**Q** 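Before anything else, here's the structure in question.
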Protein chains: 2
Amino acid sequence: MSPTTETLTAERILEATEEVLRRHGPAKATVVDVARALGVSHGSVYRHFRTKAALREAVTKRWLDRTSQALAGIAADEGRDPEARLRDWLRALFEAKRRKAGHDPELFATYSVLVDESGTVVEEHLAELTAQLTGIVEAGVAAGSLASADPAATAGALFHATGRFHDPCYAGEWKRPEIEGELEAVLDLMLRGLRAPVR
Amino acid sequence: MSPTTETLTAERILEATEEVLRRHGPAKATVVDVARALGVSHGSVYRHFRTKAALREAVTKRWLDRTSQALAGIAADEGRDPEARLRDWLRALFEAKRRKAGHDPELFATYSVLVDESGTVVEEHLAELTAQLTGIVEAGVAAGSLASADPAATAGALFHATGRFHDPCYAGEWKRPEIEGELEAVLDLMLRGLRAPVR
DNA sequence: CGGATGACAGATATTGAAATTTGTCATTCG
DNA sequence: CGAATGACAAATTTCAATATCTGTCATCCG
């Protein structure tokens, strides 16, 4: 069977949708465009995704999951000092978001739309990220190098305090050259507070 | 002379413009509306403000300056513990912004528009706020209760880290009840790091 | 029979002509 | 004379007609 005759799967639709979104952006991409790219009728797309919103969410989920997985590598690296891991993880989060905003502006715009609509996908993404952060803080507490009475709450505070460096509403700021130094200043301030008192 | 015959001053125009903005919002308020509210021709308004944008900025400046002045009171209260002042100042900043967003939504929207356009007025407002913060940090360093090698940089980090609690792009979050606890968590984390090591 | 189709109704977006607004300036008024 | 006016051109917004899109479903096809 040739690729064009391949059966229509959710996966193939997601691939095509991502491409269409990348090309046209969230405002102009239509379900009809996606169907045309696949050489099927738009009705067939609706067999796999109940609404256009669901399709958009599914694409964004895949896209966000790629980031989560990359960061999970840093978070789970049990061998390394938790404090260094925390710094690197937050730096990597910033770099990942910044790269996406610059390199994939249309998909990033799609993501930003979902953030404003506060859908489940974004919520889950943020929950996954804070869970990873919580894991690092817990490791630090276990190793005795970080101090926190409530690692989950601490992780939340870390995440909120670094919003300027990962929240899409600040994407415009990420082009300024001073931004890296600003992240370092915030990291220094927070990690100083997290470090366990020397006994 | 009766009030309606009073001479046309920049101050009277600003007053009328604020009222028109409050009523119609930034999207629908026109210079003609302002002129009508004052009983003059719109040409007269242009004698005092070169463009509509300048008028909008001037109104927003007045409005922002009211916040700055209120906070300056806390910042300058030399008698009190700098750490407590820092906490109170950041809490007051949050409360002030939240109150404006809730109580004066149209003027707040005008302000948000200016933030996105990154005009001089907003820049100056942010500079004034960080200057106040810097002053508190310096007082703490002088008193020996706070540790900072570079109070201005520390103030910048504090301001960025609390963005979630004063930046208009988060205004939607300020209605959630958990928000207060989130601010406290961030404050705790940062102030722990700022406190001078016990010797 | 299960998956794909395309005609269809209602919702949404696009378009371009008309109306309004911005900003200027020659003129008027006190 | 200096401040206010309102006619005006250019830019912007509004609005309604038109076109496109979303989501459904009776029908078709392998």
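All values reported here derive from a predicted model rather than from experimental measurement. Here is how names work: the chains are called A, B, and so on, in the same order as the sequence lines, proteins then strands, and each is numbered from 1.
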**Q** Strictly under 3.5 Å: I want the nitrogen or oxygen pairs between protein and nucleotides 25-29 of chain C, one per line.
**A**
none

**Q** Nearest whole Å is fine: how far is C:dT5 P from A:His48 NE2?
**A** 10 Å
**Q** Whole angstrom is fine here: how far is it from NE2 in A:His42 over to P in C:dG3?
**A** 19 Å
**Q** Could you check A:Ala53 against B:Gly39 and say which one's nearest nucleotide on DNA chain D is further toward the 5' end?
**A** B:Gly39
**Q** If you compare every side-chain N and O of B:Ser44 against the phosphate oxygens of D:dT5 (OP1, OP2), does one of them come in below 4.0 Å?
**A** yes
**Q** Are B:Ser148 and B:Glu138 packed together at the side-chain level, in the sense that at least one heavy-atom pair is separated by less than 4.5 angstrom?
**A** no
**Q** Among residues two or more places apart or on two chains, list those pairs meeting ring pair (Phe, Tyr, Trp, His ring centres under 6.0 Å) that have a residue in residues 15-40 of chain B.
**A** none
**Q** How long is the gap from CD on A:Glu184 to CZ on A:Phe94, to the nearest 0.5 Å?
**A** 10.0 Å
**Q** Are B:Tyr111 and B:Lys97 linked by a side-chain donor-acceptor pair shorter than 3.5 Å?
**A** yes
**Q** Please determine, for the side chain of A:Tyr46, which listed nucleotide (C:dT5, D:dT24, C:dG23) has the closest atom?
**A** D:dT24
**Q** Do B:Glu123 and B:Glu128 have side chains that approach each other closer than 4.5 Å (heavy atoms only, starting at C-beta)?
**A** no
**Q** Exactly one of B:Ile136, B:Val186, B:Thr134, B:Leu86 should register a side chain to side chain contact (heavy atoms under 4.5 Å, CB included) with B:Leu158. Which one does?
**A** B:Leu86
**Q** Going from CG on B:Asp33 to NE2 on B:His42, what distance comes out if it is rounded to the nearest 0.5 angstrom?
**A** 12.0 Å
**Q** Quickly work out the A:His24 NE2 to D:dT20 C1' distance and round it to whole Å.
**A** 14 Å
**Q** Looking at DNA chain D, which of residues 27-35 of chain A put a heavy atom within less than 4.0 Å of it?
**A** A:Thr30, A:Val31, A:Val32
**Q** Hey, which of these two, B:Arg36 or A:Ser41, hits DNA chain C nearer its 5' end, going by closest nucleotide?
**A** A:Ser41
**Q** Linking I/L/V/M/F/W/Y whenever their side-chain heavy atoms sit closer than 4.5 Å, directly or via other members, would A:Val113 and A:Leu55 fall into one cluster?
**A** no
**Q** Using whole Å, report how far CG of B:Leu38 lies from P of D:dA4.
**A** 11 Å
**Q** Between P on C:dA4 and CZ on A:Arg12, what's the gap in Å once rounded to a whole number?
**A** 10 Å
**Q** Whole angstrom is fine here: how far is it from CZ in B:Phe49 over to C1' in D:dA4?
**A** 16 Å
**Q** Set out, in order, the CA-CA distance, both residues' side-chain angles and the distance that settles ring pair (Phe, Tyr, Trp, His ring centres under 6.0 Å) for A:Phe108 and A:His103, then state yes or no.
**A** CA-CA 9 Å; A:Phe108 191 80; A:His103 180 278; over 10 Å; no
